[in-house]
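First comes the structure, then the notes that go with it.
Read the numbers this way: they start at 1 and go in the same order the structure lists the ligands and their atoms. Keep in mind that this is a model prediction, so the values were computed, not measured.
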Amino acid sequence: MPRIIVALVLCLAVAVQADFPDDPKPCKYGDTECMVKFCNKLITDKATEGDASLNLVQLDPMTVDKMVLRQGANGSPVSIDLTFTDNKLYGNKDVRFKKMRGFGKEIATKHEMVMSSKVFSLVGNYSIKGQILVLPISGSGYSNMTMIGADVKISFTGKPVERNGEIYMEASDLKYYLKPKSQHYYFSNLFNGDKTLGDTMNTFLNENGAAIFSETKETIENAFAALYEPLMTRVFSKYPYAKYFAAEEEGS
Ligand SMILES: *[C@@H]1O[C@H](CO)[C@@H](O)[C@H](O)[C@H]1NC(C)=O
Ligand SMILES: *[C@@H]1O[C@H](CO)[C@@H](O)[C@H](O)[C@H]1NC(C)=O
């Protein structure tokens with residue numbers, strides 16, 4: 001092979017390896033203890049800026065163009081049509097991984113990440129219409145929905161996908177579980193800006209935060225799952241699946 005091509009190929013190989021964050025070293029298949037440490041380092045270092053070498057978007061704040069929480073009057077005391085637009089989600093940088101499962105050689109299996117967070121705040125514009133417990137609610141403006149001290153679990157089924165002869169992983173059937181210790185809601189400009197009604201409603205929402213959360217938990221979790229599934233797939237679309245793991249030792 002002409003020298004220049006050899007040099008180019010070598011150079012490319014080195015570039016690919018050098019791009020991949022190697023401090024701490026990527027882990028072996030299924031070494032979830034190592035992965036917990038790796039993910040914590042990654043999120044601490046990269047949450048606020050993202051990481052192109054891993055196709056990781058900026059996670060804190062994370063852009064949420066649109067999130068719809070809609071639940072009908074199927075017997076639930078909360079029936080709302082709530083749309084957040086141009087929101088930012090703050091708090092991912094303080095997420096800590098606790099435990100992981102899966103991420104072994106087998107792609108088509110369940111993979112799981114157990115985490116805890118300090119504070120999540122979803123902040124931006126909203127519009128709402130519906131009924132919460134016994135009260136009608138309507139308005140549009142600026143909102144801040146905050147969850148304190150949440151336990152979080154993300155699980156998904158890996159889907160092997162072949163591209164150019166290499167096997168990549170996509171995330172499918174992603175589930176997001178959220179269990180906050182407490183929550184705070186703030187909606188500006190409720191009821192066309194009627195201050196008395198708006199203040200009363202915000203107080204009411206916060207006094208009944210736990211009940212309202214448990215009624216809307218599934219809807220919120222589904223909305224978050226829809227947010228994180230493409231993100232997970234993106235992270236694993238950068239390289240063939242095997243490249244995310246340290247090479248197996250010869251003969252082992
Ligand atoms: C939020 O809504 C306000 C009032 O309608 C608007 O002026 C503002 O541009 C919106 N913000 C974003 C980020 O879209
Ligand atoms: C959202 O509300 C929380 C809790 O009330 C507060 O700590 C946080 O600063 C607010 N975030 C923004 C961007 O206003």
Between the CG atom in Leu174 and the CG atom in Leu227, the distance rounded to the nearest 0.5 Å is 10.0 Å
To the nearest 0.1 Å, how far is [atom] from its closest protein heavy atom, and which atom is that?
| atom | result |
| --- | --- |
| atom 3 (C) of ligand 2 | Thr146 OG1, 3.4 Å |
| atom 2 (O) of ligand 2 | Asn144 ND2, 2.3 Å |
| atom 5 (O) of ligand 2 | His184 CB, 4.4 Å |

Q. Salt bridge or not for Lys217 and Glu221, using N-O below 4.0 Å?
A. yes
Ion pair present between Lys175 and Asp173, side-chain N to carboxylate O less than 4.0 angstrom? yes
Quiz item: Do you see a protein non-hydrogen atom under 4.0 Å from atom 14 (O) of ligand 2?
Solution: yes
Checking heavy atoms under 4.0 Å, the part of Tyr142 that sits near ligand 2 is side chain
Intermediate values then yes/no, salt bridge (Lys or Arg N to Asp or Glu O under 4.0 Å), Asp81 and Lys129: CA-CA 5 Å; Asp81 200 335; Lys129 198 168 172 28; over 6 Å; no
*Would you please determine whether Tyr185 falls within less than 4.0 Å of ligand 2 on a heavy-atom basis?*
no
Residue pairs passing the side chain to side chain donor-acceptor pair (under 3.5 Å) test with at least one member in residues 196-208, sequence neighbours excluded, are Lys195-Asp199
